[in-house]
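Below: one structure, written as structure tokens.
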Amino acid sequence: MFSFSDNDMFSRRCVWVNGPVIVGAGPSGLAVGACLKEEGVPCVILERSDCIASLWQKRTYDRLKLHLPKQFCQLPKFPFPEHYPEYPSKRQFIEYLESYAKQFDLTPQFNECVQSAKYDEFCRLWRVKTVSADGAEVEYICQWLVVATGENAERVVPEIDGLKEFGGEVVHACDYKSGEKFRGKKVVVVGCGNSGMEVSLDLCNHDAQPSMVCRSAVHVLPREIFGKSTFELAMLLMTWLPLWLVDKILLILTWFILGDIEKYGLKRPSIGPLQLKNSQGKTPVLDIGALEKIRAGKVKVIPGIKKFSCGTVELVTGEKLEVDSVVLATGYCSNVPYWLQETEFFSKNGYPKAQFPNNWKGKSGLYAVGFTKRGLAGASADAIRIAKDIGKVHKEDLKQKKQKVPTHRRCISTF
């Protein structure tokens, strides 16, 4: 990595990267960095926060555990410690990621927020502009750009009529840590996905009175079937059976284990859980105890919200409830459109336009990792493909001993 002065903007430092720039130091970015190291390719990892995996470290609740067994969540070339439980805790997963970064000597550039990234057609290079916490600006010049900011970069806060006039505490799930502060309070949890279910369970365990909004249909599956992870069982069945039949089997087994959940206000989609995940990216809820609380009436399932008013929520049915606090378990979204000046590979919603498994590589050295909607296993598969693809070109470049004055150096010297 070499630095160059910038004659056009004296406050900005120009840096040539002899390898890819990776935007994001979460699990996806670390996985790509490690795989590139194995291929002998140097890289720079840019991270807007002050730590790796900032989503896990700063924007998750205390009781969080991996929803899938650890063997489906490990990053490339580095298994979880054998003494870890099947479903590692939040703290254990963070420790695993820190060990991963140390193992592969990954040292991200922290507190550098990418403002823009654009491909320079004249130079045939990527120009990535960042600003640090102290206001210093840097422009990175590179041949390859890896987008590793993922599917959960920014919180989604829906516009709900009257929410600003509600008067009580309103927090997004990313700021929720524990139900302790809500003890004895009536809390509306907006959202019935894995986060909404788990937050409702946590509130219940801390003697709060949660009401969970379930506006749309949702698949709720047991986390384990016959002592085996539901996900693992599904993967096993799919090696022999078509997806639609695996869906049928899962739903039949779920009915025997969980019973009829629609009578509690949880309607199932018409599409099977695996097909829905593949076609729309909607993850089924893996129940870890919330359903028991719903059956017992300790977690109330309510329909959609019409509007909020001071200390009150009015439902679409016309019913009004007195409420002390609101937790928005309304998910996250990609932030790629805010900084990446490219529209051919990425769509306006911040996801690659191509479908899995062809959504990891664009044109002009652009790559995406962690956008498969297939969790950590999908990100790991992306990382391996990307590193091999870049590594192949990098090795060919090293073989060509014709580097008298490369075009990119001439381009940089004109800044």
Side-chain angles (χ1 to χ4, degrees), residues 55-67 87 89-91 93 152 155-158 160 162-164 166-216 218-223 258 261 263-267 283-317 319-332:
L55 174 65
W56 279 86
Q57 299 213 47
K58 298 185 175 184
R59 295 186 288 160
T60 50
Y61 38 88
D62 296 340
R63 64 163 290 132
L64 180 64
K65 293 184 178 181
L66 293 178
H67 290 137
Y87 301 95
S89 67
K90 166 185 172 177
R91 184 66 253 167
F93 185 58
N152 303 314
R155 71 187 76 183
V156 172
V157 178
I160 305 176
L163 186 59
K164 292 180 180 178
F166 168 62
E169 183 177 10
V170 179
V171 299
H172 191 274
C174 67
D175 296 317
Y176 176 94
K177 299 302 177 185
S178 165
E180 179 62 37
K181 63 183 289 188
F182 299 96
R183 192 176 296 273
K185 294 184 178 182
K186 297 176 182 178
V187 185
V188 165
V189 179
V190 182
C192 58
N194 279 295
S195 293
M197 286 278 193
E198 197 158 353
V199 166
S200 297
L201 174 62
D202 189 59
L203 286 166
C204 195
N205 289 341
H206 285 88
D207 298 322
Q209 301 170 47
S211 296
M212 183 179 67
V213 177
C214 187
R215 188 180 62 175
S216 55
V218 59
H219 279 296
V220 181
L221 308 177
R223 186 170 70 172
L258 301 181
I261 66 172
K263 61 183 178 181
Y264 302 110
L266 299 169
K267 294 184 178 181
T283 303
V285 172
L286 296 177
D287 179 54
I288 58 172
L291 201 54
E292 181 183 347
K293 301 295 184 182
I294 292 172
R295 287 197 192 98
K298 295 181 178 180
V299 174
K300 184 179 180 181
V301 177
I302 58 177
I305 294 172
K306 182 178 180 181
K307 65 177 180 179
F308 281 94
S309 55
C310 185
T312 305
V313 59
E314 182 179 347
L315 308 180
V316 291
T317 58
E319 181 183 2
K320 293 184 178 180
L321 303 174
E322 291 185 358
V323 183
D324 299 308
S325 306
V326 177
V327 179
L328 300 172
T330 46
Y332 301 86

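Computed from a predicted structure; not experimentally measured.
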Nearest heavy-atom neighbours spanning Lys177 and Arg59: NZ-N, 3.9 Å
Heavy-atom closest contact (Val326 atom, Phe166 atom, distance): CG2-CE2, 3.8 Å
Lys65 to Tyr87 - nearest heavy-atom pair and separation: CD-O, 3.8 Å
Heavy-atom neighbours of Arg183 CZ exceed 12 at 6.0 Å: yes
Residue pair Tyr176 / Asp202, side-chain heavy-atom distance below 4.5 Å: yes
Side chain to side chain, Val299 and Val189, heavy atoms closer than 4.5 Å: no
Donor-acceptor contact present, side-chain Asp287 to main-chain Ala290, <3.5 Å: yes
Shortest non-hydrogen contact from Val157 toward His172: CG2-CD2, 4.2 Å
Any side-chain heavy-atom pair of Met212 and Ile294 under 4.5 Å: yes
Minimal non-hydrogen separation, Ser178 against Asp62, with atom names: CB-OD2, 3.9 Å
Donor-acceptor pair, side chain of Asp324 and main chain of Lys186, under 3.5 angstrom: yes
For the student: nearest non-hydrogen atoms of Lys185 and Ser325, plus distance: CD-OG, 4.0 Å
Side-chain (Lys90) to main-chain (Thr60) donor-acceptor, under 3.5 angstrom: yes
